[in-house]
Amino acid sequence: MRPAENTPVAIGQWLQRARGLGIARLDAQQLVAHHLGRQRTWVLAHDDEVLAPPLLHALDEALARRADGVPLAYLVGEREFHGLMLQVDPRVLVPRPETEGLVDWALEAGAAAPHRRVVDLGTGSGAIALALKRRRPGWEVTASDRSADALAVAEANARRLALPVRWVSGDWWQPLRGEAFDIVVSNPPYVASDDTHLVALRHEPGSALVAGADGLLDLRHIIAGSPAHMAAGAWLLLEHGFDQAEAVRALLGQAGFEAVQTRPDLAGVPRCTGGRRPGTATGA
Ligand code: GLN
């Protein structure tokens with residue numbers, strides 16, 4: 001039963017309330033930590049601490065939104081990705097842990113050369129581009145997005161983290177005419193427009209998720225435009241849906257890529273597929 005309006009509510013009781021609504025304990029603890037400006041470890045040790053009414057009200061509101069499916073990252077305004085704390089809001093997709101595998105692959109692919117030219121197509125919050133720049137400060141990192149809203153979020157993250165990335169505005173290859181890169185990475189939209197999974201993602205921008213009837217619209221477009229923008233020996237590394245690896249490998253093969261291969265994510269799902277342009281890298 002819900003306590004009456006002015007009955008004091010302690011943190012422990014509020015966490016029980018969240019549990020009753022089916023909210024994961026970790027999420028509930030993080031909401032309390034965020035609203036109190038404390039670490040989660042503090043919350044864990046202060047079950048008996050009474051929540052002041054305005055705070056309780058704000059927490060209940062956040063809880064209702066979480067129960068409605070709003071990602072925790074939007075409610076607390078941030079999400080950790082590859083060792084970076086990124087600010088996120090509904091203008092951008094929430095960075096996912098599976099995308100960290102794409103960053104690791106790009107770091108590996110460029111291991112030998114100090115001055116790689118890298119581009120992250122459809123950067124969103126800037127997660128991939130910023131993670132690469134942090135780990136390889138010597139790389140020239142460019143990132144594009146067609147959403148001005150997303151670029152504003154990415155640029156703010158770059159400023160706060162003091163990571164210099166070149167941001168360009170436009171659709172896929174369109175703002176990069178005449179440029180060639182050594183590593184191209186992208187986590188494009190790849191969900192089919194009638195995928196029932198989209199209901200669970202309804203609070204995130206549809207433009208970052210949906211890619212035509214089969215979910216391959218943007219992947220096809222990126223692959224088709226890539227040979228003109230890639231140096232000899234350059235790598236194209238793409239994230240895709242759980243059932244798209246074979247289709248993406250076929251598209252890369254048709255576009256003349258070599259060493260085409262797929263990597264699984266942490267859950268063992270085939271998640272990223274990449275290939276290399278023919279010829280020998282110059283090492284730039
Ligand atoms: N990985 C996201 C999801 O299905 C989709 C991200 C994307 O389309 N790039 O939850």
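Counting starts at 1 for both ligands and their atoms, following the listed order. What you see below is based on every heavy atom in this structure, not just the backbone, and it leaves out hydrogens, waters and symmetry mates.
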**Student:** Can you pull out the closest protein heavy atom to atom 8 (O) of ligand 1? Residue, atom name and distance to 0.1 Å, please.
**Tutor:**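 The closest heavy atom on the protein side is Y190 N, 3.2 Å.
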
**Student:** Is it possible for you to check whether R276 lies under 6.0 Å from the centre of the six-membered ring of F257, through NZ or CZ, and within 45° of that ring's axis?
**Tutor:** no

**Student:** M230, V248: one ILVMFWY side-chain cluster at the under-4.5 Å cut-off?
**Tutor:**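 As far as the 4.5 Å side-chain criterion goes, V248 and M230 are connected within one cluster.
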
**Student:** Distance only, no hydrogens: is a donor on one side chain within 3.5 Å (strictly under) of an acceptor on the other, for H34 and Q30?
**Tutor:**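 No, Q30 and H34 have no side-chain donor paired with an acceptor closer than 3.5 Å.
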
**Student:** Would you mind running through ligand 1 and noting each atom that sits below 4.0 Å from a heavy atom of E98?
**Tutor:**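 Checking each atom against E98, I get 1 (N).
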
**Student:** How does A211 reach ligand 1, by side chain, by backbone, by both or by neither, if only non-hydrogen atoms under 4.0 Å count?
**Tutor:**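 No part of A211 is near ligand 1 at this cut-off.
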
**Student:** Measuring from non-hydrogen atoms of P188 to any atom of ligand 1, is the shortest distance under 4.0 Å?
**Tutor:**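 The answer is yes, since P188 has a heavy atom less than 4.0 Å from ligand 1.
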
**Student:** Please write down residue, atom name and distance for the protein heavy atom closest to atom 10 (O) of ligand 1.
**Tutor:**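 For atom 10 (O) of ligand 1, the nearest protein heavy atom is R96 NH2, 3.2 Å.
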
**Student:** Within a distance under 4.0 Å of any heavy atom of P189, pick out the atoms of ligand 1 and give their elements.
**Tutor:** 8 (O)

**Student:** Just by distance, with hydrogens left out, do R91 and S147 show a side-chain donor and acceptor under 3.5 Å apart?
**Tutor:**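 There is no such pair (donor and acceptor under 3.5 Å, judged by atom type) between the side chains of R91 and S147.
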
**Student:** May I ask you to list the atoms of ligand 1 that are less than 4.0 angstrom from any heavy atom of H197?
**Tutor:**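 In order of number, 3 (C), 4 (O), 10 (O).
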
**Student:** More than 12 heavy atoms of other residues, nucleotides or ligands under 6.0 Å from CZ of R160: yes or no?
**Tutor:** yes

**Student:** Can you confirm whether T273 sits close enough to L238 that some side-chain heavy atom of one is under 4.5 Å from a side-chain heavy atom of the other?
**Tutor:** no

